[in-house]
Asks: 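I'd like to ask you about the structure that follows.
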Amino acid sequence: VQLQASGGGLVQAGGSLRLSCVVSGSTFRDHVIGWLRQAPGKEREGVSSIEGVGNRTYYADFVKGRFTISRDNDKNTAYLQMNSLQPDDTATYYCATRLDYGLGYAYFVDVGGWNNWGKGTLVTVSS
């Protein structure tokens with residue numbers, strides 16, 4: 001499975017970015033898609049995830065109401081719309097996948113359990 005994330009960049013506080021993750025090499029809808037991030041000097045943390053079937057979504061408390069995850073199974077692409085960005089959101093953002101066996105939230109909180117990773121895309125939010 002190959003993942004290609006894009007859409008990062010430099011934005012001022014309060015601005016928006018949309019990240020994209022194109023997945024190839026496997027049946028896209030069989031996979032949960034996750035977005036995770038890692039800031040310099042900090043541990044990697046889960047941001048959001050979306051199920052392969054049913055499209056239930058999960059968010060970290062620190063992005064609820066600001067970020068929206070979505071997926072287009074016809075385009076094998078997942079998205080992370082990020083609004084009201086703050087300097088604390090500065091990090092490298094990664095998309096990741098794992099096969100969806102219906103465990104929902106358990107996948108989201110299992111940061112180390114993702115099987116396939118893309119190269120990160122850097123998001124920098126200036127104050």
Side-chain angles (χ1 to χ4, degrees):
V1 181
Q2 294 80 44
L3 293 80
Q4 181 66 52
S6 61
L10 174 64
V11 64
Q12 289 187 330
S16 299
L17 285 172
R18 188 176 82 155
L19 306 183
S20 299
C21 177
V22 179
V23 180
S24 60
S26 186
T27 303
F28 185 67
R29 63 172 54 85
D30 289 344
H31 289 256
V32 181
I33 306 297
W35 285 98
L36 301 95
R37 71 185 188 185
Q38 188 165 19
K42 295 187 178 180
E43 293 187 352
R44 193 168 294 183
E45 59 187 358
V47 175
S48 183
S49 68
I50 184 167
E51 295 180 343
V53 178
N55 284 355
R56 279 188 298 183
T57 58
Y58 304 92
Y59 296 94
D61 286 344
F62 52 79
V63 302
K64 281 182 180 177
R66 300 189 298 127
F67 291 10
T68 303
I69 192 171
S70 61
R71 64 190 293 159
D72 185 336
N73 287 344
D74 292 333
K75 296 182 178 179
N76 288 3
T77 303
Y79 305 96
L80 185 68
Q81 177 67 43
M82 306 186 296
N83 298 330
S84 301
L85 284 161
Q86 299 301 318
D88 284 349
D89 295 317
T90 295
T92 299
Y93 285 72
Y94 300 88
C95 61
T97 78
R98 60 193 303 170
L99 288 173
D100 190 354
Y101 294 110
L103 296 183
Y105 184 71
Y107 292 144
F108 172 66
V109 296
D110 183 17
V111 174
W114 298 93
N115 300 122
N116 309 295
W117 292 82
K119 292 182 180 179
T121 184
L122 178 62
V123 172
T124 304
V125 185
S126 63
S127 58

Asks: As an exercise, state the distance from CZ of R71 to CD1 of I33, rounded to the nearest 0.5 Å.
Replies: 5.0 Å
Asks: Can you give me the closest heavy-atom contact between P87 and A13, atom names plus distance?
Replies: CD-CB, 4.1 Å
Asks: Test side-chain contact (heavy atoms from CB on, under 4.5 Å) on L17 and V123 and set out the steps.
Replies: CA-CA 9 Å; L17 285 172; V123 172; 3.9 Å; yes
Asks: Quick one: closest heavy-atom pair of W117 and V111, and the distance?
Replies: CZ2-O, 3.9 Å
Asks: NZ of K119 to OG of S6: how many Å apart, nearest 0.5 Å?
Replies: 13.5 Å
Asks: Can you list everything that forms a ring pair (Phe, Tyr, Trp, His ring centres under 6.0 Å) with Y94? Sequence neighbours excluded, please.
Replies: none
Asks: Within the 4.5 Å heavy-atom criterion, are S24 and N76 side-chain neighbours or not?
Replies: no
Asks: Would you confirm whether T90, through its side chain, and T124, through its main-chain N or O, come within 3.5 Å as a donor-acceptor pair?
Replies: no
Asks: Do V109 and Y58 have side-chain heavy atoms sitting under 4.5 Å apart?
Replies: no
Asks: With a 4.5 Å cut-off on side-chain heavy atoms, are C21 and Q4 touching?
Replies: no
Asks: Consider only side-chain N and O atoms of Y93 and R37, and report whether a donor and an acceptor are under 3.5 Å apart.
Replies: yes
Asks: Give a yes or no on this: more than 12 heavy atoms of other residues, nucleotides or ligands lie within 6.0 Å of atom CD of Q86.
Replies: yes
Asks: Would you say V32 ends up clustered with Y79 if hydrophobic residues are merged whenever their side chains have heavy atoms under 4.5 Å apart, either directly or through other cluster members?
Replies: no
Asks: Under 4.0 Å between a side-chain nitrogen and a carboxylate oxygen: does that hold for D100 and R29?
Replies: no
Asks: Would you say that L85 contacts F67 through its side chain, given a criterion of any heavy-atom pair below 4.5 Å between the two side chains?
Replies: yes
Asks: So do T97 and V1 actually touch side chain to side chain, heavy atoms under 4.5 Å?
Replies: yes
Asks: Considering non-hydrogen atoms only, spot the tightest contact between L10 and S126 and give its length.
Replies: CD1-CB, 4.3 Å
Asks: Can you check whether D110 reaches R98 side chain to side chain, under 4.5 Å on heavy atoms?
Replies: yes
Asks: Could you pull out the closest heavy-atom pair between S16 and N83, with the gap in Å?
Replies: OG-OD1, 2.9 Å
Asks: For side-chain contact (heavy atoms from CB on, under 4.5 Å), just list the numbers for W114 and S49, CA-CA rounded to whole Å, side-chain angles, deciding distance to a tenth of an Å, and then say yes or no.
Replies: CA-CA 11 Å; W114 298 93; S49 68; 4.0 Å; yes
Asks: Could you tell me the separation between the OG1 atom of T92 and the CZ atom of R44, rounded to the nearest 0.5 Å?
Replies: 9.0 Å
Asks: Step by step, would you call L36 with E45 a side-chain contact (heavy atoms from CB on, under 4.5 Å)?
Replies: CA-CA 6 Å; L36 301 95; E45 59 187 358; over 6 Å; no
Asks: Look at atom CZ of F62 and say whether more than 12 heavy atoms of other residues, nucleotides or ligands are closer to it than 6.0 Å.
Replies: yes
Asks: I69 and S48: which non-hydrogen atoms are nearest, and at how many Å?
Replies: CG2-OG, 3.2 Å
Asks: Where do Y107 and E51 land on the side chain to side chain donor-acceptor pair (under 3.5 Å) test, with the steps shown first?
Replies: CA-CA 9 Å; Y107 292 144; E51 295 180 343; over 6 Å; no
Asks: Locate the shortest heavy-atom distance separating S20 from W35; write the atom from each residue and the value.
Replies: O-CH2, 3.6 Å
Asks: Tell me, do Y59 and R66 make a side-chain contact under 4.5 Å, heavy atoms counted?
Replies: no
Asks: With the side chain counted from C-beta on, respond yes when L19 and M82 share a heavy-atom pair under 4.5 Å apart, and no when they do not.
Replies: yes
Asks: Can you tell me how far the CG atom of N116 sits from the OG atom of S26, to the nearest 0.5 Å?
Replies: 7.5 Å
